[in-house]
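These numbers come from the heavy atoms of this one structure, side chains and all, not from hydrogens, waters or symmetry mates. Per chain, numbering begins at 1; letters A, B, ... match sequence-line order. Fair warning: this is a prediction, and the values are worked out from it, not measured in the lab.
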Number of protein chains: 2
Amino acid sequence: MRISFKKQQFDAREEAIIDAVNHLLSEKGFDLMTMDDVADRVGIAKGSLYKHFSSKEKLAAAALTRLLTATLEELDSIPGETSAIDQLKHILAWSLRLRLKGGVPHLPSTSISLQRSLMLNLSYMTVALRVNKRFYALVAQARKDGALTDEVPDDVLVFTLYSRACDPTVDFLLRDNKLNHEQIIAAMVHATMGGFLARS
Amino acid sequence: MRISFKKQQFDAREEAIIDAVNHLLSEKGFDLMTMDDVADRVGIAKGSLYKHFSSKEKLAAAALTRLLTATLEELDSIPGETSAIDQLKHILAWSLRLRLKGGVPHLPSTSISLQRSLMLNLSYMTVALRVNKRFYALVAQARKDGALTDEVPDDVLVFTLYSRACDPTVDFLLRDNKLNHEQIIAAMVHATMGGFLARS
DNA sequence: GTCTATAGTGGGATAGAC
DNA sequence: GTCTATCCCACTATAGAC
């Protein structure tokens with residue numbers, strides 16, 4: 001079928017565009033990324049780019065939506081018998097690993113203007129809420145397991161997970177070049193979950 | 001003396017400008033803040049603004065330098081007998097309190113272009129290095145006291161302190177409006193230093 | 001040293017040919 | 001649905017009168 005083949009090509013190009021956006025977002029952030037950058041990187045004209053995504057915001061939303069969808073899939077792939085606290089550790093480590101590979105955006109935290117427009121993006125918000133629900137469920141379970149301290153409320157915990165996943169610390173550590181990727185991940189996961197203090 | 005009085009006025013205006021910049025940086029970030037915004041907020045013309053600061057980068061650098069200088073002063077004000085770990089907690093809480101009051105920038109983490117220009121700004125870098133040195137000294141002392149876990153290297157610890165001070169978690173928690181300022185500070189400090197896990 | 005006015009430019013978005 | 005060319009606005013920075 002010719003139509004199906006065409007659609008396949010179309011989809012493939014969209015994937016390529018989103019790949020480029022991912023890379024550029026993590027490199028320059030939303031505000032400094034230009035549509036020319038994206039078009040150049042994909043190797044198409046800016047006009048063609050606008051046939052796929054009608055605005056810069058839509059483009060970023062598509063990239064972030066793909067990331068969140070991947071997060072859900074990763075959560076689903078974790079064996080059911082894993083404890084809630086280990087699932088939280090796993091997903092944090094996974095996010096950081098993705099970051100270190102260079103493909104992942106700095107997330108909405110970067111740009112306040114992007115944040116606002118994402119709130120109005122239905123398909124982004126749908127996935128974001130699903131991810132959020134999963135996180136809160138895991139935290140609730142971990143709390144029931146007695147794994148969490150009472151001193152840190154659920155909200156602080158969940159938000160911290162998000163923010164550590166796009167923490168500039170990673171960039172600084174990478175630039176320093178003293179630790180390799182897995183060492184960075186281990187240290188960040190330990191610092192987030194267990195803190196800095198020596199266990200008594 | 002007339003000259004001295006004039007200079008006093010001049011300095012006062014520069015303070016007012018930096019106040020405005022502080023507020024705008026925390027609100028919109030560097031890339032989205034415009035010189036018109038700054039001039040409007042101070043209530044002077046854009047042309048006059050450029051008589052005080054010759055570029056947008058210099059303006060941001062001045063604001064961040066003032067913040068870092070205040071950080072040094074706050075460190076100096078802590079009683080000498082305070083333990084290193086408590087000093088680190090104190091300065092983190094102080095930074096967060098400043099953030100919550102609305103005056104403090106999201107720091108360089110926001111904008112990569114700003115980061116680069118700050119590196120070339122001598123007076124900024126001088127203060128930044130002094131602050132950095134103080135932090136590393138405190139961490140070294142805390143480690144000698146046996147207060148820190150071996151699992152988290154010094155670099156990860158120091159960078160994390162910086163990044164938590166400008167963490168988007170604070171904004172989310174504020175928007176949520178479930179916790180008051182001091183509760184947010186307590187929870188963030190606890191989460192950073194002690195982590196999420198229940199103490200065995 | 002303050003203002004108004006404007007130069008110059010970069011980038012988001014669109015038009016129109018093929 | 002891809003390209004080239006261009007519009008147009010917003011923003012940094014400067015000129016020049018007072």
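- Rounded to an integer number of Å, the gap from B:Phe53 CZ to D:dT14 P is 16 Å.
- Applying the 6.0 Å contact sphere to CZ of B:Arg130 captures no more than 12 heavy atoms from other residues, nucleotides or ligands.
- Among the heavy atoms of the strands lying under 4.0 Å from B:Lys56 are primed sugar atoms or P, OP1, OP2 only; no base atom is included.
- The aromatic rings of A:Phe159 and B:Phe172 sit parallel to each other, their planes meeting at less than 30°, with 60° as the upper class boundary.
- A:Thr34 comes within 4.0 angstrom of the backbone, heavy atoms only, and of no base.
- Within a 6.0 Å radius of CG in A:Asp11, more than 12 heavy atoms belonging to other residues, nucleotides or ligands are found.
- Within a 6.0 Å radius of CZ in B:Arg116, no more than 12 heavy atoms belonging to other residues, nucleotides or ligands are found.
- Contact annotation for A:Ser55: backbone-only contact, meaning every heavy-atom pair under 4.0 Å involves sugar-phosphate atoms and none involves a base.
- In terms of position on DNA chain D, the residue among B:Glu57 and B:Lys51 whose nearest nucleotide sits closer to the 5' end is B:Glu57.
- Other residues, nucleotides and ligands place more than 12 heavy atoms under 6.0 Å from the CZ atom of B:Arg41.
- Looking only at atom types and distance, the side chain of B:Arg164 has a donor-acceptor partner in the side chain of A:Thr160 under 3.5 Å away.
- What separates NZ of B:Lys58 from P of D:dT12 is a distance of 15 Å, to the nearest Å.
- When rounded to the nearest whole Å, the span between CG of A:Asp40 and P of D:dT4 equals 11 Å.
- Residue A:Asp31 contributes atom CG, which lies 16 Å from atom C1' of D:dT12 at whole-angstrom precision.
- A straight line from CG of A:Asp36 to P of D:dA5 spans 14 Å, rounded to a whole angstrom.
- Here chain B contacts DNA chain C (any atom closer than 4.0 Å to a heavy atom, that is under 4.0 Å), and the contacts span C:dT2 to C:dT4 from 5' to 3'.
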